[in-house]
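Comments concern the structure below.
We name chains A, B, ... by the order of the sequence lines, and we start the count at 1 in each one.
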2 protein chains.
Amino acid sequence: MQVRMKDVAKKLGVSVATVSKVVRGHPDISPKTKERVQSIIKELNYRPNLAARSLRAGRSQMVGLVVPDILHSFFAEIAKGVGNRIHPKGYNVVLFSSEESPELEIEGIESLLARQVDGLIVATTLTEAQSDVFRRIDEQNTPYVLVDRKIPGLQANYVGVDDEEVGALATEHLVQRGNRRIAHIQGPEISTAYERLKGYLGALARHRLTMPAEYIVKVGSSDVIAEDHGLQAMCRLLALPERPDAVFCFNDLAALGASRAILKAGLRIPADIALIGVANMPHLDMLGVPLSTIDQSSVQIGDRAAKLLLRRMESASGSRPTRIYIPPKLIVRASSAIPPSTRGEMKKAEVLPQLVAMERRK
Amino acid sequence: MQVRMKDVAKKLGVSVATVSKVVRGHPDISPKTKERVQSIIKELNYRPNLAARSLRAGRSQMVGLVVPDILHSFFAEIAKGVGNRIHPKGYNVVLFSSEESPELEIEGIESLLARQVDGLIVATTLTEAQSDVFRRIDEQNTPYVLVDRKIPGLQANYVGVDDEEVGALATEHLVQRGNRRIAHIQGPEISTAYERLKGYLGALARHRLTMPAEYIVKVGSSDVIAEDHGLQAMCRLLALPERPDAVFCFNDLAALGASRAILKAGLRIPADIALIGVANMPHLDMLGVPLSTIDQSSVQIGDRAAKLLLRRMESASGSRPTRIYIPPKLIVRASSAIPPSTRGEMKKAEVLPQLVAMERRK
DNA sequence: TTGAAAGCGTTACCAA
DNA sequence: TTGGTAACGCTTTCAA
C-alpha cells in the first residue's frame, strides 16, 4: 500500500542504503545513480516515512505549540509566526490548545513529549507550584521557550514584551492626556497581569498620583472570558462615589467589556472616561470608538520564539536561558485621544460627530 | 536519557511484552503485575515513545489540519472545534497554515502524509486542476474531510454550510428590508464565493429584481486581504451613476473594508447603504455600526469534521463520501436594521444618535 | 561509490 | 498469565 524505500531499491536493483542517501542528499553518490533513484522516487511517488525516520534518527522534526486558546487572536498570531519560521526548515507544528486549563496543559505537554517533539513553545497557564512539568521537559533534554507568560522562579527561555513597560506606557499615556483618576482593570493570576499592574503603579508613583484602592479591580479569570469580566469590573468602577476618568484595561477584551458598560450607563468614551487596552486585536480600530491599545508584535513573538528554539535544538544543550523582550508600541486611537483641554468643555452632542470626523480623517 | 520500556521491564524483572500490555491496558495481565508495573512507570516517569508506536502500529494518532490562514477567526474556530473533539481520544493536531498559497498547501499536505497522519481536515485553496493531491491522499487510504471550501468534481467528505443558502439568506433579508438596489461584493476563486453569488442571484430572481452588471464586483484575492479589496470594491460601487442602497459582502472582512469606504465618502450605514457580511467574526457587534452577518457555526464545523474523520479512521475504508451541511443563521444588527419605511425620511443628524441608542438598548 | 546489517522502541504473534 | 522474538521503515557504520 505505502511505497517504501525497499520498493524503490528493488525496482532499481540498488540497496536501500543508496536510496536513503539520495533521499537525504548525502554527498557520496554518483550523479548517475542519484538521478536514476530520483526518477524512480517520482515515478512511484515515494514519500519517506517520517515516523520511522524519527525513531531511527531520534529527532522528529516536530515542534509542539501549547497555547491557552487559539481563538484569542494574540495566540493565533503567535502560531502564525512560529509556523512561518519553522515550516521552511522542514518542521511541523503540533498544536495544543489548553483551553486555559492547567490540567489540560500538563496533559498536552506530556502528550507532545511522548510524541518526541524536538522542542516546545508554551504560553503557559501554570503557576510556580505546578511548574515541575518544565523540569521534566528539561530532564528529557527537550528545549522549550515560554512565550507571553513567565513562571516566577523558573529559569527558562522566554520571548515576549516587557509587561511592566506595557503597563507604564499605557498609564503614562493616560496621565499625559490629563487624566487624574486612573483606574486599572486587572487580569487573572498570570505574570503578564502582575507586571502590567506593576507598570501602572510605577507610572502613577512617578507622577505622584495616588488612587483609592477600589480603583484596581481584579478580573477573576482567564483571558478568554475577559470581556464579561471587563464589563463587571467596569460596573463596579462606575458605582464608586468618585468614578475614574480613565481606565487602563489588562487587555483589549477587558476594554471591550468595559466600553459596553460605559455606553450602557449612558456615558461617553473618552469624554467621560478614557480607555486603553492591550493586544492590538484586529479590527478594533473600527469600533464605535476606536480603541487605544498597546501592540505586542505577537507574530514577531512567535517568530523569535521559533528562531530561538531552532537554535537551541540545533546546538548541544546546556546554554543558559535567553530572554528576549520585544518593545511594546503605544497605539493611540479615539478611546483615549481627546486632548485634556477639551475635557469637560464639550457638550454631549458634540462628542459623537467629533469621533466620526476623527474616524473619517484616517 | 529517555526511559524506555526495556528499563521498566529490567527494573522489575519482567519482559517488555508484559510492560507493553500494561501500558495499553491489555486484558490478560494479573492485577498484581499490573500494579507493580504501573508503580515503576510512575517512579521512572516512563512515557511510551509514540514515534516507535506509530511505526509499529501503522497509526500515528495524529490528525493533520490544513487551513489557509490561522489568523482568520473562522479557521481558528475550526481548529478549536477539531482539537476539542480529538484530544480526548488521544489524537494530536498537526497544524499547517497554507497562507492561501496552493503550492504551500500541497507541500503541507505532502509533509503531513509523510508524517503518517491518520487523517486530514483541509480548508483548501486548491482548484479542480490542482486536485490530484487529494487523489494521492486516497491512494494512501488516508481519510480526509474538506471543510468550508469544496472542489468541484471531487467526491469527498465535506462539512460546511450551504453557501448558496448563505447568499440567499443575506439577500432575502436585504430585500425584506425594502432595499431595491442590492449589490454584491464577490469573493475570490473558491467554491464558497461562487455559491454565495448563486444564492444572491437566486434570491433576486425570486423577487423579480434585476441589477446592473456593475453591481457585482469581484474581490480579486484571498480571504485574508479581503478588507482592502472590500474597500476598493465599494469605491467602485460608490462611483456608479446610480449607487446601490444595500450591499451583500462575501464576508465580514470585505464588509469591514466596504464600511470604511462608505464612511470615508461621508455616507451613512445603513441610512444610505445597508451592509451585511458573512462569518460572524467576534466583536463586530461593537463596531460603530454593528455589522449584520451570517453565522456559520464554525466551531461546530470543526467539531463535526473531526467526528466524521474519526469515524472514517476507525472503520475500514471504502464508504461513500458524506456531506454535512450546518444551517447558516442570519444575525441582524444595525448595519442592515433600519426599517425601510424610515429610509429617506431621516435627516442626517438623526442617524447617529439613533444607532447609539440602538446599541445601548442591547 | 555502494551495500550489508544492526538497531531505534514499540507491538503482536505464538510458545511456554 | 507471561515472555521471546520478529517485524515496522528508516539511518548509519563499516566493509567491500
Side-chain angles (χ1 to χ4, degrees), chain A residues 1-38 40-41 44-62 90 111 113-118 140-142, chain B residues 1-38 40-41 44-62 90 111 113-118 140-142:
Chain A
M1 187 148 63
Q2 263 275 59
V3 182
R4 292 144 317 164
M5 217 168 235
K6 201 202 289 184
D7 303 314
V8 176
K10 195 173 289 173
K11 176 129 185 172
L12 233 109
V14 297
S15 73
V16 289
T18 305
V19 178
S20 172
K21 282 173 187 157
V22 171
V23 167
R24 287 168 305 127
H26 195 284
D28 40 277
I29 283 288
S30 78
K32 204 170 67 195
T33 325
K34 188 171 161 185
E35 203 172 312
R36 289 201 306 151
V37 171
Q38 279 171 337
I40 297 294
I41 285 178
L44 296 185
N45 189 29
Y46 166 74
R47 248 187 309 267
N49 180 327
L50 297 185
R53 180 181 285 180
S54 297
L55 177 59
R56 177 59 235 231
R59 304 184 315 124
S60 64
Q61 300 274 109
M62 295 194 293
S111 75
L113 289 177
R115 285 227 177 275
Q116 313 295 116
V117 294
D118 297 334
Q140 301 247 341
N141 256 315
T142 304
Chain B
M1 187 150 59
Q2 263 275 60
V3 182
R4 293 143 318 163
M5 216 170 237
K6 202 201 286 185
D7 304 314
V8 176
K10 195 173 289 174
K11 176 130 187 170
L12 221 87
V14 297
S15 73
V16 289
T18 304
V19 178
S20 173
K21 281 173 189 157
V22 172
V23 167
R24 288 168 303 128
H26 195 284
D28 41 277
I29 284 289
S30 77
K32 204 171 65 196
T33 326
K34 188 172 161 182
E35 204 172 311
R36 288 200 308 151
V37 171
Q38 279 171 337
I40 297 293
I41 285 179
L44 297 185
N45 189 28
Y46 166 75
R47 248 188 308 269
N49 180 327
L50 297 186
R53 182 181 284 179
S54 296
L55 176 60
R56 177 60 237 226
R59 302 183 316 123
S60 65
Q61 299 276 109
M62 294 194 293
S111 75
L113 289 177
R115 285 225 178 277
Q116 313 296 115
V117 294
D118 297 334
Q140 301 246 341
N141 257 315
T142 304

If we only count heavy atoms from C-beta on, is the [X] to [Y] side-chain gap below 4.5 Å?
| X | Y | answer |
| --- | --- | --- |
| B:Pro48 | B:Arg53 | yes |
| B:Gln61 | B:Leu50 | no |
| A:Ser20 | A:Met5 | yes |
| A:Gln116 | B:Asn49 | yes |

*Scan residues 51-61 of chain B against DNA chain C and write down, sorted by residue number, each residue with any heavy atom closer than 4.0 Å; if none is found, say none.*
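Within this stretch, B:Ala52, B:Arg53, B:Arg56 sit under 4.0 Å of the strand.
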_Sub-4.0 Å heavy-atom contacts from residues 21-36 of chain A onto DNA chain C, ordered by number_ =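 Of all residues in residues 21-36 of chain A, the ones placing a heavy atom under 4.0 Å from DNA chain C are A:Lys21, A:Asp28, A:Ile29, A:Ser30, A:Thr33.
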*Does anyone know the first and last nucleotide of DNA chain C in reach of chain A, 5' to 3', at under 4.0 angstrom to a heavy atom?*
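Boundary nucleotides touching chain A, in 5' to 3' order, are C:dT1 to C:dG9.
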*Return yes if a side-chain donor-acceptor contact under 3.5 Å exists between A:Arg4 and A:Gln2, otherwise no.*
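Not at all, the side chains of A:Arg4 and A:Gln2 share no donor-acceptor pair under 3.5 Å.
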_Set of residues satisfying side-chain hydrogen bond (donor to acceptor under 3.5 Å, both in side chains) with respect to B:Lys10, sequence neighbours excluded_ =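 By the side-chain hydrogen bond (donor to acceptor under 3.5 Å, both in side chains) rule, B:Lys10 matches no residue at all.
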*Test B:Val22 against every option in B:Val8, B:Ile29, B:Val14 by the side-chain contact (heavy atoms from CB on, under 4.5 Å) rule and name the one that passes.*
B:Ile29
_Based on the rotation axes of five pairs at each end, what angle does the helix from C:dT1-D:dA16 to C:dA16-D:dT1 bend through, to 10°?_
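Between the first-five-pair axis and the last-five-pair axis there is 40°.
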*asked:* Can you give me the closest heavy-atom contact between A:Val3 and A:Tyr46, atom names plus distance?
replied: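 Looks like O-CD1, 3.4 Å.
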*Name the first nucleotide and the last nucleotide along DNA chain D (5' to 3') that come under 4.0 Å of a heavy atom in chain B.*
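For DNA chain D, the relevant span reads D:dT1 to D:dG9.
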